[in-house]
**Q** 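After the structure tokens below, expect a handful of questions from me.
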Amino acid sequence: MMIRGFKNFLMRGDVITVAIGLVVALAFSTLVKAFTDFVINPLIAALQGGQSLGLGWQLGAAGNKATYLDIGSFISAIIYFIIFMAVVYFVIVVPYKAIQARRGITAFGDPAPTKACPACLSDDLPVAASKCKYCGTEQPVVSV
């Protein structure tokens, strides 16, 4: 009985979609990491010139990597993150939104409008709420 439920859970379309998305994301992650390590990092290190460890400052003994403030690696990590998130967005999110739109489902849409409770100041109440879900006070009617 429990194994059948687990099988049904695994065979749902959403779980399969997420699993495929993770595999694709990991593959692109490896590709982008190699690009930043072997293309971007050498370019950033070349900007500094000389025989230094890279773009940054030595805070301790000369040549000690443990006391080297490596700004080049940080810039590389930022570039890696931006490229990776762009790939995930354009390869996974955009096609997923298109597929869901064909099914009549809005994926990753704008959040529903909310209002604030004047009594407890919670700001995540649905506009149509007549009572606050936190403090229970009556809510004024808000026209949309």
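Every value quoted in this text rests on a predicted model; they were computed, and no experiment measured them. Each residue takes its place number in the sequence, starting with 1.
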**Q** Kindly write out the residues that satisfy side-chain hydrogen bond (donor to acceptor under 3.5 Å, both in side chains) with Thr137, not counting sequence neighbours, or none if the list is empty.
**A**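 If we apply the side-chain hydrogen bond (donor to acceptor under 3.5 Å, both in side chains) test to Thr137, skipping adjacent residues, the hits are Gln139.
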
**Q** In the structure I gave you, are the side-chain heavy atoms of Asp124 and Lys133 within less than 4.5 Å of one another anywhere?
**A**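 Side chain of Asp124 against side chain of Lys133, heavy atoms only: contact under 4.5 Å found.
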
**Q** In Å and rounded to the nearest 0.5 Å, what is the OG to OH distance from Ser122 to Tyr134?
**A**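 With rounding to 0.5 Å, OG (Ser122) is 6.0 Å from OH (Tyr134).
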
**Q** So, does Lys115 use its side chain to make a donor-acceptor pair with the main chain of Ala129 at under 3.5 Å?
**A**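 Yes; at least one donor-acceptor contact below 3.5 Å.
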
**Q** Would you give the length of the straight line joining atom NZ of Lys131 to atom SG of Cys117, rounded to the nearest 0.5 angstrom?
**A**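 Reported to 0.5 Å precision, the distance equals 12.0 Å.
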
**Q** Considering residues at least two apart in sequence or located in another chain, which fulfil the salt bridge (Lys or Arg N to Asp or Glu O under 4.0 Å) criterion with Lys97?
**A**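 Salt bridge (Lys or Arg N to Asp or Glu O under 4.0 Å) list for Lys97, sorted by chain: empty.
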
**Q** For residues Ala116 and Leu125, report the shortest heavy-atom separation together with the two atoms involved.
**A**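 Heavy atoms only, the tightest pair is C-CD1, 4.5 Å.
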
**Q** Work out which heavy atom in Pro118 is nearest to a heavy atom in Leu121; give both atom names and the distance.
**A**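 The pair with the smallest heavy-atom distance is O-CD2, 3.9 Å.
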
**Q** Show which side-chain atoms of residues 79-96 pair as donor or acceptor with protein atoms under 3.5 Å away, not counting sequence neighbours.
**A**
unit_1: Tyr80; atom_1: OH; unit_2: Ser29; atom_2: OG; d: 2.4
unit_1: Tyr96; atom_1: OH; unit_2: Gln100; atom_2: NE2; d: 3.2

**Q** Under a 4.5 Å cut-off applied to non-hydrogen side-chain atoms, are Pro126 and Thr114 in contact?
**A**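 The answer is no; the side chains never approach within 4.5 Å.
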
